[in-house]
2 protein chains.
Amino acid sequence: MAVTLEDVGRQCGVSRSTVSRVINDSPLVNQRTKDMVLKVIKEMRYSPNFIARSLTKNRTETLAVTLPDIVGGVFPEIIAGMDEVASRHGYHVLVVFLGGARPHSATVEKLIRNRRVDAVVTVASTLSDQQVVALSEWNMPMVCVAQKSPLAIIPSVLFDNMGGAISATSHLIAQGRRHLIHLRGAQGNYDADERCRGFRVALEQAGLPVDASREFAGEFSRDGGARAVSRALEQGIEFDGLFAANDEMAIGAMEALIRHGKSVPQDVAVVGFDDVDLAHFIGLSTVKVPHRELGRAATRFALDLIEGKTVSESEVLSTEFIQRASSTPGRQLNLLQS
Amino acid sequence: MAVTLEDVGRQCGVSRSTVSRVINDSPLVNQRTKDMVLKVIKEMRYSPNFIARSLTKNRTETLAVTLPDIVGGVFPEIIAGMDEVASRHGYHVLVVFLGGARPHSATVEKLIRNRRVDAVVTVASTLSDQQVVALSEWNMPMVCVAQKSPLAIIPSVLFDNMGGAISATSHLIAQGRRHLIHLRGAQGNYDADERCRGFRVALEQAGLPVDASREFAGEFSRDGGARAVSRALEQGIEFDGLFAANDEMAIGAMEALIRHGKSVPQDVAVVGFDDVDLAHFIGLSTVKVPHRELGRAATRFALDLIEGKTVSESEVLSTEFIQRASSTPGRQLNLLQS
DNA sequence: TCACAAGATGTGAGCGGTTGCAATACAAAA
DNA sequence: TTTTGTATTGCAACCGCTCACATCTTGTGA
């Protein structure tokens, strides 16, 4: 078995409490004793048992982050951001993938009820608003990322969906495009709604007509984007600019456009949202979301909550428009069949 | 405070051990008592305190996975695979990003010495062989992923680097390419060495000459690939086929080739290794590495080790060659400047 | 009717720490 | 010298749960 406080104490001829004080750097211990104990600790290769300590301190120094099962390019960034801040404070990050056949909130509820973690960070759409509310009953610090918190007591870290959508749309307009369409995400989805709102605001700002029939609903997927474009074309709607609610949709849309003989950006300028890795390679103009910073900010909130500090209700990070070939006249964009 | 065994016991008029027996589903309890206790547990919303249980059981039901700081497309897959198997056994996954300014092994050593996790899974290159050996001293179950274990007692989960490299190279040869070059990863890197070996073996099998001057060293990065190609071209080496040791290098190589006026696949057919998301989009032929399965297998090993089972020394997963535009005559590959 | 086995439950000692309080020692102040 | 204070250290309870063992019921066969 591992060496314990008792063992060290016996070796030094002091009690376990004295040794405990030494490792906790308490001022209540004589310097000479301290030195001796430290020496023995090193010799015996003693390390405090984290579990035992947690039991008395009632702290696990662990944060849980819940993620949807689908592995995308954005989650690793969020986790990395979390770990960055967490580790700096001696905390660790436990990842919990939900979704698929797994009963969504049961896993998290168990984690919380067992007091296995000190706080839970939930990332967009992993848990529904109702589930978040239900879990909040267990009075465990929680933080929502990229999801508007359903309760005032739970802080959320958001990013400027509308601002991003406005800059994307305005960019298309600045390029001289006047006949825009928008491929939006599912109705009721916070991100989707906000981005759609931004699209409209930008049109209004430019004095262009807002027309709901030029907004096409779809899922946040490549296929959804492709289908939405096909629908638009079938309906005979004319457009020279397209703002998709995320990059996946934008890519699907571009593929569909090309299949239909349209060229990007000549015939249709395309802009997406998220700035996934792919966007860079394909040359897709998009709105960059600061994922890593999202993770960092969420962790800061979580740590503050754990310490009992009052935190601001939420934080909104800004986004940045990035222009690439898909909306730059004269540049060539080619997708490859694979 | 949360409700404890004692509380439930008092409420039912039984002792804490009886309640403990009930929640552990021991057969030593009368059915009537059991029913009553279960009812009260539900009413009082009791959940066992995981920390306390860990203290006696000396088990945390947590696995640590150490990853390099660089967020690539492959790690999320590995984590997801781990979580998949782990959660099925009631385990959780703690992620630890190492690298950057962080003292590499100190963090992990602390984790281990504090007995905060039951096992550690280390993914390629996160920890050096020496560090793995040093950590193994603490007699904590460990598993290496995509890294040949430096000690016989530590199992490793590998994938068939050489087989993949052979199939990639053979494919180029089958396409009629006779003047191949190889962009290899750093000398001493296990993956790099194996893939290079595979390249050679395939050449030999085809009766083609093996020539070390046609192997160019570089890092596993886009830049490394680009530089290696430039070097080859500057040296006036002729080639119509290129096997890069990973996709990143292959992509960098293709960019460089195109900058130098060569077309892919007409002038040079290119094959990579890994099958990152991008490969699909760009149309890069490559060798698919089963990352998720790597995570699953590693977790199975880890769980077996925790249970004290003897495990096979290592497991080698097979790879699969995927042909795409970059090595298919007649297909067009275009990279976009961004 | 009594001894004894088996079944059901309680007791108490840990697991490895933390921490309030008491105890001791030694020095300075009265 | 006695009192008071301060710096050190030990004691023991506690965190919430597990488990070996003791105890107490009951039921059964002689």
Side-chain angles (χ1 to χ4, degrees), chain A residues 1-38 40-41 44-62 90 110-118 138, chain B residues 1-38 40-41 44-62 90 110-118 138:
Chain A
M1 257 296 140
V3 17
T4 72
L5 273 190
E6 190 73 52
D7 300 332
V8 177
R10 197 177 317 119
Q11 186 72 23
C12 305
V14 298
S15 72
R16 51 183 198 295
S17 13
T18 301
V19 183
S20 171
R21 289 191 187 100
V22 170
I23 63 177
N24 288 301
D25 208 29
S26 155
L28 300 174
V29 41
N30 184 296
Q31 189 60 46
R32 272 208 316 284
T33 320
K34 194 172 198 164
D35 292 342
M36 175 193 40
V37 171
L38 283 174
V40 174
I41 283 179
M44 300 181 74
R45 307 220 296 179
Y46 166 81
S47 311
N49 179 316
F50 153 78
I51 300 290
R53 182 174 275 180
S54 292
L55 185 57
T56 44
K57 291 279 184 80
N58 207 24
R59 286 261 184 112
T60 62
E61 285 164 6
T62 305
K110 200 170 158 207
L111 216 53
I112 292 176
R113 295 181 58 162
N114 292 354
R115 312 213 78 77
R116 195 179 179 128
V117 294
D118 293 343
W138 294 100
Chain B
M1 258 294 137
V3 18
T4 72
L5 272 189
E6 189 75 53
D7 299 332
V8 176
R10 197 176 317 119
Q11 185 72 21
C12 306
V14 299
S15 72
R16 40 184 209 301
S17 15
T18 302
V19 183
S20 172
R21 288 190 188 101
V22 171
I23 63 177
N24 288 302
D25 209 30
S26 153
L28 302 171
V29 211
N30 183 298
Q31 188 60 44
R32 272 208 316 283
T33 321
K34 193 172 199 164
D35 292 342
M36 175 193 42
V37 171
L38 283 174
V40 174
I41 283 179
M44 299 181 75
R45 307 219 298 179
Y46 166 80
S47 311
N49 180 318
F50 153 79
I51 301 289
R53 180 174 280 180
S54 293
L55 184 56
T56 44
K57 291 279 187 79
N58 206 23
R59 287 260 185 113
T60 62
E61 285 166 4
T62 305
K110 199 170 159 207
L111 216 55
I112 293 176
R113 296 181 55 162
N114 291 353
R115 311 213 79 79
R116 194 179 179 127
V117 294
D118 293 342
W138 294 101

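None of the values given here were measured: they were computed from a predicted structure. Each chain gets a letter, A, B and so on, in the order the sequences are listed, and its residues count up from 1.
Atom C1' of nucleotide dC19(D) and atom CZ of Arg16(B) are separated by 11 Å, given to the nearest angstrom. As a whole-Å value, the separation of Leu55(B) CG from dA13(C) P is 17 Å. When rounded to the nearest whole Å, the span between CG of Leu28(A) and P of dG10(D) equals 13 Å. Between the P atom of dT9(D) and the NZ atom of Lys34(A) lies a distance of 11 Å, rounded to the nearest Å. Put simply, CZ on Arg59(B) is 16 Å from C1' on dC17(D), counting in whole angstrom units. Protein atom CG of Asn49(B) is 7 Å distant from nucleotide atom P of dG16(D), rounded to whole Å. A straight line from CD1 of Ile41(B) to C1' of dC17(D) spans 13 Å, rounded to a whole angstrom. As a whole-Å value, the separation of Asp7(B) CG from dC15(D) P is 10 Å.
The listed nucleotides are dG17(C), dT9(C), dC17(D); the one nearest the side chain of Ala52(A) is dG17(C). Distance from the side chain of Leu5(B) is smallest to dT18(D) among dG16(D), dG10(D), dT18(D). Nearest to the side chain of Ser15(B), among dC15(D), dG10(C), dT9(C), sits dG10(C). Of the candidate nucleotides dG16(D), dG12(C), dC21(C), dC21(C) has the atom lying nearest to any side-chain atom of Arg21(A). Closest to the Arg53(B) side chain, of the nucleotides dT9(C), dT18(D), dG16(D), is dT18(D). Closest to the Lys57(A) side chain, of the nucleotides dT18(C), dT11(C), dG16(C), is dT18(C).
Residue Gly13(B) is classed as a sugar-phosphate contact, given heavy-atom separations below 4.0 Å to backbone atoms only. Using a 4.0 Å heavy-atom criterion, one finds that Ser26(A) contacts no nucleic acid atom at all. Phe50(B) comes within 4.0 angstrom of nothing in the nucleic acid, heavy atoms only. Within 4.0 Å of Thr4(B), counting heavy atoms only, lie sugar-phosphate atoms of the nucleic acid but no base atom. Within the nucleic acid shown, Thr18(A) comes within 4.0 Å of sugar-phosphate atoms alone, with no base atom in reach, counting heavy atoms only.
Not a single donor-acceptor pair, N or O on each side, falls under 3.5 Å between the base of dT8(D) and the side chain of Thr33(A). If you check distances only, the side chain of Arg115(A) never reaches the base of dG16(D) with a donor-acceptor pair under 3.5 Å.
Of all heavy-atom pairs spanning Lys34(B) and Asp25(B), the tightest one is NZ-OD1, 3.3 Å.
Between Ser20(A) and the phosphate of dT18(C), there is a side-chain N or O to OP1/OP2 separation shorter than 4.0 Å. Not one side-chain nitrogen or oxygen of Asn30(B) sits closer than 4.0 Å to the OP1 or OP2 atom of dT9(C).
You'll find the side chain of Asn49(B) stays beyond 4.5 Å of the side chain of Thr4(B), heavy atoms only. No side-chain heavy atom of Phe50(B) sits under 4.5 Å from any side-chain heavy atom of Lys110(A). In this structure, Arg21(B) and Thr33(B) have side chains that are not in contact, with every pair of non-hydrogen atoms separated by 4.5 Å or more.
Panel note: side chain Asp35(A), backbone Arg32(A); no donor-acceptor pair is recorded below 3.5 Å.
Taking CZ of Arg113(A) as the reference point, atom OH of Tyr46(B) lies at 10.0 Å (rounded to 0.5 Å).
Comparing Pro27(B) and Thr56(A) against DNA chain C, the residue whose closest nucleotide sits nearer the 5' end is Pro27(B).
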